[in-house]
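Within every chain, numbering begins at 1; the chains are lettered A, B, ... in the order of the sequence lines, protein sequences first and strands thereafter.
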Amino acid sequence: MNKQSKGMAKVERYYENYGSRARELSAEGKKVIGYVCSFAPLEMITASGCIPFRLRGDIHEPITKGDTLLETIVCPYYRSCFDLAVKHRYEFLSGMVIPHACDSMVRSFSVWSYSLNLPYFQFVNTPSVVKDSSFEFFNEELKTYKKSLEEFVGKKITDDDLAGAIQLHNENRNKARAVYEFRKPDPPLITGQELAKTLLACSSLPIEESNRLLDEVLEEVGQRKKSPLGKGPRILIDGACIDNAELAGLVEDLGASVVADTICNGSRDYWPKVDEKKPPIEALADRYLDKLNCPKTYRENKTGNFEEDIKARFADIGFTAKEFQVDGAIIYLYRYCDPFGFEVPARKAYYELIHVPLLHLEDLYSAGTIGQLRTRIQAFLEMIG
Amino acid sequence: MAEEQKKRKKRKTATKAAASIGPMVKESITSTIRAREEGKQKIAYTFIVCQHDEILRAMDIVPVWTENYSGICGAKRDAERFLQRAESLGFSRSLCTYALCGLGFDQWREELGEMPPDAPWGGQVRPDFMISSGQILCDPRSKWYQAAQQFMPDVPIYNIDLPYPLFDPKRDHREVWGYYHRYIVKELRGLVSFLEEQTGKKMDYDRLRELVDLGDRTWNLIHETYELRRAVPCPMGTGDAMNTMVPMCFMMGTQEAYDFYLDLNKELKEKIARGEGEVEEEKYRLLWGGGLPAWYALNDFNYFNSKGASFPAETTYRMVVPLYEMDIPETNDPIEHLAWRWLGYWTFWYEKARKRPGSEPDVERLIQYIEDYKIDGVVMHEAFSCRTWHVGLIWQLHQLAKIYKPIPVLVLGKEGKKEKKQRELPSLVLESDIIDITSYSEVDTRNKIDAFIETLESLRRARAA
């Protein structure tokens, strides 16, 4: 492993040896706090002096020990993350933050906390609705979260600490957004696999290192004169957490290009920023409660009309599809995903509305299904030409 | 399917109260159809365990408990056609099957403009509005009605967010419950405003106060009544409790519910006086330790009974704790009280759990029931489509196994003397679903039950020896 590597080579290194940098930092005495979902407010972790680290599962690793502790009706992605954690893949963690995102997370909170027995374990109760009262509540909940981190690290988190962390994370989001720009040419200058690996590698690093890595990637890809891909259908991936580059690789192996996404390890998390002009807690509440567009958050239909409702709820999809000129979309979900699963018919209706052909895939989070996925995707790509 | 329904015998209950539930539920469904025809009262789709029962009753709203209707379809083994319809719309079968059944039914009804053919018990009526709930309890409660708006876009939703602090062994929940309470109060007041807008009527707070008081008394009465099941032999088991949950979950805040438990209380006391148990010769006392039942297979409880096993207690659908044991502030404001009752219920076992390192509230509740009801074994049901009630059960059994070990342990006995006690507690996890009958095998289930009973019997003999 070449530690001097830069840009995409470094991305590859951190992607393949996921967690290697966090392990080194932990050995140096830094505290690494794990999280699995985009609802975990990372700025607070950075402001406390700890390092946020996004856990990944592994589609190539059979779930074994995890299944002796956690039911198999839990989302398979989340089960895989848990399985790796109890098999000590992330032994460098000092703590975990689990937000209220879905039943799989909430109902297994105790199982995680007792099985890993880490010094720090915090639940952040993100409301399910967006209104004045839920903002008031969430502000208080974020203060409780802040207090828990202060107790853990033994120092106060000041407004300046938070403002600094917010600035760093916003920079990160700006840089990630800039990487997406390379997807706009046809064919794109960056492959879907490369972008997925870049963002995943970034989520395993301290925010300053992540920013530097993104700078290197921007510089390297910016110098490309030619796309690594041939011209083919431009595909948007819609869904929840996709923490590997395999799906993008599969689509691109079949002659298409992944040029856009709305996933948690992509634009859902990387695009919305925190308002730096607002008081920090209020600004964080605003981002994590309102700006993150996850089906977990209920948004009221104020029009009494289904078409208007889906236009409002899924506007980000339409905006992205247009901006990146997509030819087709794939909704890729895991079995047992209630928040997304209940939206599939409405999302299908929305894609019809914006005239984007759609393939819906429900998967098990296992390398064993890649053959089936290949057949379905191939047929879809043939259909959209 | 219709033929099979005709052939299926009614499940034998141990109490008259449980036997009276079928007609009661049927009447409650029929009354919603009547209310729709008369058009005098507003009809609301909604969910149980939302602390809004008394509010709905005070506003004369007719609640349609959509989970209940799906349960009825399941119990009548007639859910499959609605599940298939939901699947054909794009919903995965792995999602909550209550919701899928309801969505399949609603879409069909809306498409036809009338009830689907041979709808169980006349069908589920179209609502005037829907009250969903974004709790930290259940995702489908927040998503189901939103999905239903695809076929009923004109039916508005009020989504009540009802959080409670999760258990943290290092932190007293009372440090944070002040802002939880403020939020829940605002959510409930928001509900009242929504209902006032929908009905054109103002809330009568004196009436609400009376109904909340009636609700409180019903909570306490249910607790006292269910505690009678500690008797040996046990006069009423979980099979019956899956019927007697109906007034608790669907009729709270009504005199009818209170009177039902008065009658049940009387009936149980009479049975106890006669020494009459759920089973003729009670050999094993089991705890239904988690999981919603397979509504189409409630006869499995009778199968347990046929082996001499009774279920004196269950955690499922025992949605009350005694108010007088709750550590919550006093208030004259009924809305504030409802919010405290909600928090008091969910945090009821927290204090106990904090005192036992490595424990947690759900485990403490199991331990309490195991001790109070002299339990010999624990049975759970893993319903594949519901994460809300079925995630964490395996872990709870792991925690129990640390206390109820398969080797004799020293415990503090009478007069403070240490005694050697055999506390092994076998467990059984059944697997299927709440209403998806395709996930169920009667042969496999009963084989599992037989093996479990053999384990209980060998333990019983070992202890006797």
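Note on Asp154(B), Leu166(B), Leu397(B), Leu100(B): by heavy-atom pairs under 4.5 Å with chain A, the leading option is Leu166(B). Considering only heavy-atom pairs separated by less than 4.5 Å from chain A, the leading option among Gly190(B), Gly134(B), Ala86(B), Pro153(B) is Pro153(B). When each of Val111(A), Asp132(A), Asp309(A) is scored by its heavy-atom pairs under 4.5 Å with chain B, the top score falls to Val111(A). Each of Tyr158(B), Tyr180(B), Phe167(B), Trp144(B) has some count of heavy-atom pairs under 4.5 Å with chain A, and the biggest count is that of Tyr180(B). Chain A forms the most heavy-atom pairs under 4.5 Å with one residue out of Ile394(B), Asp139(B), Ile157(B), and that residue is Asp139(B). In terms of non-hydrogen atom pairs under 4.5 Å with chain A, the most contact-rich of Ala147(B), Pro163(B), Gly178(B), Ser132(B) is Pro163(B). For the set Ser142(B), Cys138(B), Ser385(B), the entry with the most heavy-atom pairs within less than 4.5 Å of chain A is Cys138(B).
Contacts between His390(B) and chain A at a heavy-atom distance below 4.5 Å involve backbone atoms as well as side-chain atoms. Interface residue Pro140(B): backbone and side-chain heavy atoms are both found under 4.5 Å from chain A. In this structure, chain A has no heavy atom under 4.5 Å from any part of Phe151(B). Contacts of Arg93(B) with chain A are absent, with no heavy-atom separation under 4.5 Å from either backbone or side chain. In this structure, the portions of Leu393(B) lying under 4.5 Å from any heavy atom of chain A include both its backbone and its side chain. Contacts of Glu136(A) with chain B are made by side-chain atoms alone, with heavy-atom separations under 4.5 Å and no backbone atom involved. Proximity to chain A is limited to the backbone of Ala383(B), based on heavy atoms less than 4.5 angstrom apart. Contact of Asp67(A) with chain B is made through the backbone alone, with heavy-atom distances under 4.5 Å. Neither the backbone nor the side chain of Gln396(B) comes within contact range of chain A; no heavy atoms are under 4.5 Å apart. Glu382(B) touches chain A through its side chain: at least one heavy atom from C-beta onward sits under 4.5 Å away, while N, CA, C and O do not. Only the backbone of Ser359(B) comes within contact range of chain A, judged by heavy atoms closer than 4.5 Å.
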Stepwise side-chain hydrogen bond (donor to acceptor under 3.5 Å, both in side chains) check, Tyr288(A) with Thr126(A): CA-CA 8 Å; Tyr288(A) 286 92; Thr126(A) 318; over 6 Å; no
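Contact check on Lys311(A) versus Glu308(A) returns a salt bridge, with a Lys/Arg side-chain nitrogen under 4.0 Å from an Asp/Glu carboxylate oxygen. A salt bridge is absent between Lys186(B) and Asp161(B): the closest approach of a Lys/Arg side-chain nitrogen to an acidic carboxylate oxygen does not fall below 4.0 angstrom.
Looking at Arg347(A) and Pro295(A), their side chains come closer than 4.5 Å, going by heavy atoms from C-beta outward.
When the shell of 6.0 Å around NZ of Lys42(B) is examined, it contains 12 or fewer heavy atoms from other residues, nucleotides or ligands.
Put simply, the side chain of Ser48(A) gets close to the backbone of Ile45(A): a donor and an acceptor are under 3.5 Å apart.
Under the 30°/60° scheme for interplanar angles, the aromatic rings of Trp342(B) and Tyr164(B) are found to stand perpendicular.
Side-chain N/O atoms of Arg354(B) and His173(B) include a donor and acceptor closer than 3.5 Å. Side-chain atoms of Thr303(A) and Asn301(A) include a donor-acceptor pair closer than 3.5 Å.
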